[in-house]
2 protein chains.
Amino acid sequence: MTNRKLEILTLAQHLFKERGYSATSVRDIAKAAGVEAASLYSHINGKEELLDRTCFTMAERFILGIKEVNDIYFDAALKLKMAVDTHVNILSNNIDASVVFQRDWRHLNEERRAEFIELRNAYEEEFRVIVQNGIDEGLFNEVDVKFAALTILSSLNWIVEWYNTEGSLSASEIAENLYNFILTGLKK
Amino acid sequence: MTNRKLEILTLAQHLFKERGYSATSVRDIAKAAGVEAASLYSHINGKEELLDRTCFTMAERFILGIKEVNDIYFDAALKLKMAVDTHVNILSNNIDASVVFQRDWRHLNEERRAEFIELRNAYEEEFRVIVQNGIDEGLFNEVDVKFAALTILSSLNWIVEWYNTEGSLSASEIAENLYNFILTGLKK
DNA sequence: CCTACCGATCGGTAGG
DNA sequence: CCTACCGATCGGTAGG
């Protein structure tokens, strides 16, 4: 990918985040890039390619992250801690792309959408395995594993709605707070 | 609101949920209603009215729900339990509208969007107050109140992504699971 | 609720 | 990277 193409992709991701994929026109992206709409097509195949790259690049990042965590750590609680930390770090380092990844994957074409859902399921499965390990090791309560994994991921994903790089909490601090919340809850 | 208008609104909410507000055309809605696009305009003022009604009707439901909870209960843990139950019940009884409420409010016009954000903030504030009460009463850990309220709400809101009325868990069971998770976390 | 139609904008192409 | 342009579709209106 050329520098210029990456530049266009980054601009597009920002617009997609702000307005949504469908409500962002090729002309909006062109304007942000300082060129005419037609000129974009010497760099990209079409609008959908920008969505596709965003969704699959993010999916790869998340999957790579969780695989690394699972390779390095053995204790389920530590695995969960590191998985949360990795997830939050990927989100906070790619806020625009993360929102698109979470919200606009529905606009992928049928074939790619199916592939995307498979990748997302594989990622969620890794979280389920960690929770199951924790239960087997006697560390975690005997919760519904599927339910717990979804709840954990949803509490993580929402941060893209309010996270900003100039906020009082760093990504690592947010991850630590979230991990503590997931592990011990509100109760004193 | 006439029956026919409510019918059109319900059909629109379903399409908005599936495709997103921007990617749903007036003709899509008309087709679902079994009429020509022009015929819709004897019932509605425009596409945006359908979004507006959806967002604000849901906002009112949530706010009414939390006010009722705060009026009836005094103990912070019980308040939280009932707030979670009410929230999950509203979500599960209005899945289509809930998704639109959560995702597509961005497409409201500037003025209405500002009003909407205020309502949402007011709702979140009620959750913050409950968490703060719990801390003051010595029931809850001394967490960051704003952070905790956001995390609680995010873990609740995600259920619209996978909830289906024929699933093995009822809305009340889901609410109970979520409450237990929020209160005590994973740790044994 | 319909037919007929509006101007605006859409994603994208041809040709340079 | 541009000008010029394409057919398709958009939200919506006029008039019945």
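For clarity, every value in this text was computed on a predicted model and none was experimentally measured. Numbers restart at 1 for each chain; the letters A, B, ... are given by sequence-line order, proteins then strands.
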Which nucleotide in C/dA4, D/dC2, C/dG12 has an atom nearest any side-chain atom of B/Ala38: C/dA4

Of A/Asn45 and A/Ala23, the one whose closest DNA chain C nucleotide lies more 5': A/Ala23

Interatomic distance, B/Asn3 CG vs C/dC1 P [rounded to whole Å]: 12 Å

Atom-pair distance (NZ on A/Lys31; C1' on C/dC10), nearest Å: 16 Å

side-chain contact (heavy atoms from CB on, under 4.5 Å) partner of A/Lys17, the single match among A/Ile95, A/Thr24, A/Val160, A/Thr54: A/Ile95

Mate of C/dA4 where both pairing distances stay under 3.5 Å, Watson-Crick or G-U: D/dT13

Rounded interatomic separation in angstrom, taking CD1 from B/Ile44 and C1' from D/dT13: 14 Å

Selection from D/dC1, D/dG12, C/dG12 that lies nearest to any side-chain heavy atom of B/Tyr41: D/dG12

Touch class at under 4.0 angstrom, heavy-atom based, for A/Ser22 against every strand present: nothing

Salt-bridge criterion met for B/Arg106 and A/Glu18 (N-O under 4.0 Å): no

Euclidean distance, atom NE2 of residue B/His107 to atom P of D/dG11 [Å, nearest integer]: 12 Å

Distance, rounded to the nearest Å, where B/Leu50 contributes CG and D/dG12 contributes C1': 13 Å

Separation of atom CD in B/Glu36 from atom C1' in C/dC6, rounded to whole Å: 17 Å

In one Ile/Leu/Val/Met/Phe/Trp/Tyr side-chain cluster, 4.5 Å: A/Leu169, A/Phe181: yes

A/Lys5 atom NZ: more than 12 heavy-atom contacts under 6.0 Å: yes

Nearest-nucleotide comparison on DNA chain D, the residue closer to the 5′ end among A/Ser39 and A/Arg27: A/Ser39

d(CD1, B/Ile29; C1', D/dT9) in whole Å: 15 Å

Sugar-phosphate, base or nothing in reach of B/Ser25, heavy atoms under 4.0 Å: sugar-phosphate

Gap between atoms NZ and C1', on B/Lys47 and D/dT9 respectively (whole Å): 12 Å

N/O (side chain, B/Arg4) to phosphate O (OP1/OP2, C/dC1) under 4.0 Å: yes

Test ring pair (Phe, Tyr, Trp, His ring centres under 6.0 Å) applied to B/Tyr21 and B/Phe16, B/Trp105, B/Phe101, the passing residue: B/Phe16

